[in-house]
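Take a look at the structure below.
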There are 2 protein chains.
Amino acid sequence: MTEETTGLRELKKQRTRQTLSETAIALFLERGFDQVSVAEVAAAAEVSKPTLFRYFPAKEDLVLDRIADHQGEAARVVRGRAPGESPLAALRAHFHARLDARDPVTGLCDVPAVLAFRDMVYSTPSLQGRLMRYAAEDERALAEALAETGADEAAARLAAAQIIAVHHVLARDNWQRLASGPVTAAVLDAAHAGAELAYELLGAGLAARGL
Amino acid sequence: MTEETTGLRELKKQRTRQTLSETAIALFLERGFDQVSVAEVAAAAEVSKPTLFRYFPAKEDLVLDRIADHQGEAARVVRGRAPGESPLAALRAHFHARLDARDPVTGLCDVPAVLAFRDMVYSTPSLQGRLMRYAAEDERALAEALAETGADEAAARLAAAQIIAVHHVLARDNWQRLASGPVTAAVLDAAHAGAELAYELLGAGLAARGL
DNA sequence: AAACTTTTGTTACTCGGTTGCATTTTACGT
DNA sequence: ACGTAAAATGCAACCGAGTAACAAAAGTTT
């Protein structure tokens, strides 16, 4: 899946990249995103500052790299849906499944490290901003996938925007639920109920347009 | 409507604020947001750099101040709707009305200055980011207003997210329509049709929840 | 091993944004 | 009208993110 041009150099690059991201996140979690300078991160990772920026175009990307693998997930789900299944049904089923798996993207993951990570992201405006821009790309990709199903292109864009927006609300709700304590059966039920409500709201209108 | 503590000082402050914003936008439109430094703006407005930042917390706010009056418009529309009218119906009617008025917020305004302004915003990532954060506040306010109607709070948050997201798509679509030329009858019709489609998609699901 | 390419480090820079303090300007009591 | 407190400004110096230029040190290829 990933590029594999030449052996040794590429390996070292991957390693430096990972080291940078990991030491950065560790420092950020320890003392706060804004309280740690990139110079410190570079020093801790034993790399010069320009090198750091060759790997990550901005400080925020040191953090969000970890999330980047989920890029375009919604679009993939739509494209990989079972024959005969509507895009929305596929997305709903997928979301419920991720919920059961306590996938961090759903917000429903009480592993301390993940929780601390989310706290940091939600409490740091610049990280939120960057995250929204990732979301915009997600939305664009989803709109494309929906349009491929033969739906009206305008409708596809509108639907994609609604779906992505709703997912964020759900994730945030779930994250808030975890403020009170760990994932219990009741919390899981509430999360599923929230998702059902969301897809119910989405569904009625979108179903009429074949989505 | 605005604060009016003491007469003369406040007036001068308002004037400096406006001068700053106007000279900034003029310079930005002329040479691009990233190609003009805040020091230049401050100099052009005959003000020191710290003073500039006392008025505007960030460079982006020099631009977006102009848009800030629309903050919370959706929430206001919901709160000010006619008795018996559903929130969604009020929002739909309002949007169509703004469309007919060629309100810049709908994207359907071909006044050259407005057009250039939007081009700048859409082509400058940092401005987009700031704009999204304004939108988040809009969304929060709308959710609050919807919850006041007695709807389920979770549903209100979900609906608000959908509505705000959809509005942005509509505005972007309209802006793209204007890339080809001025607002003709056909363009206006298309914009109205787009809005109708959007509210149709929203409506089915939301109506069932009393929104 | 030599020649070539890619990556890195060093230094120095620009720019957005802040801080501390002295200076001016406005408001207000007498 | 005058003097004083409060607020706003300017100045200078500073911090941190991000970049440019160039030299040094890899890794790759023959």
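As a basis for the values below, the full set of heavy atoms in this structure was taken, side chains included, without hydrogen atoms, waters or symmetry mates. Here is how names work: the chains are called A, B, and so on, in the same order as the sequence lines, proteins then strands, and each is numbered from 1.
- As a whole-Å value, the separation of A:Leu11 CG from D:dT28 P is 10 Å.
- Distance A:Arg9 CZ to D:dT29 P: 8 Å, rounded to the nearest Å.
- Between the CG atom of B:Leu62 and the P atom of C:dG16 there is a distance of 10 Å, rounded to whole Å.
- One interatomic measurement links the two molecules: NZ of B:Lys13 to C1' of D:dT9, which rounds to 12 Å at whole-angstrom precision.
- Atom pair B:Arg17:CZ and D:dA8:C1' shows a separation of 15 Å (rounding to whole Å applied).
- A salt bridge links A:Glu40 with A:Arg31: the closest approach of a Lys/Arg side-chain nitrogen to an acidic carboxylate oxygen falls below 4.0 angstrom.
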Kindly determine whether B:Leu178 and B:Val183 satisfy side-chain contact (heavy atoms from CB on, under 4.5 Å), including the steps that lead there. CA-CA 7 Å; B:Leu178 298 192; B:Val183 177; 3.7 Å; yes
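- Looking at heavy-atom distances under 4.0 Å, B:Phe56 makes no contact with the nucleic acid at all.
- Within a 6.0 Å radius of CD in A:Gln71, more than 12 heavy atoms belonging to other residues, nucleotides or ligands are found.
- Ion pair A:Glu137/A:Arg133 not flagged as a salt bridge, since none of the NZ, NE, NH1 or NH2 atoms sits closer than 4.0 Å to an Asp/Glu carboxylate oxygen.
- With sequence neighbours left out, B:Glu196 forms a side chain to side chain contact (heavy atoms under 4.5 Å, CB included) with B:Arg92, B:His96.
- Between the side chain of A:Arg17 and the backbone N or O of A:Tyr55, at least one donor-acceptor pair lies under 3.5 Å.
- Nucleotide C:dG9 holds its C1' atom 13 Å from the OH atom of A:Tyr55, rounded to whole Å.
- Nucleotide C:dT19 holds its P atom 16 Å from the CG atom of B:Leu52, rounded to whole Å.
- Here the nucleotide nearest the side chain of A:Lys12, chosen from D:dG27, D:dT9, C:dT26, is D:dG27.
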Going 5' to 3' through nucleotides 11-25 of chain D, assign each nucleotide B (protein heavy atom under 4.0 Å from a base atom), S (under 4.0 Å only from sugar-phosphate atoms) or - (no protein heavy atom that close). BB----SBBB-----
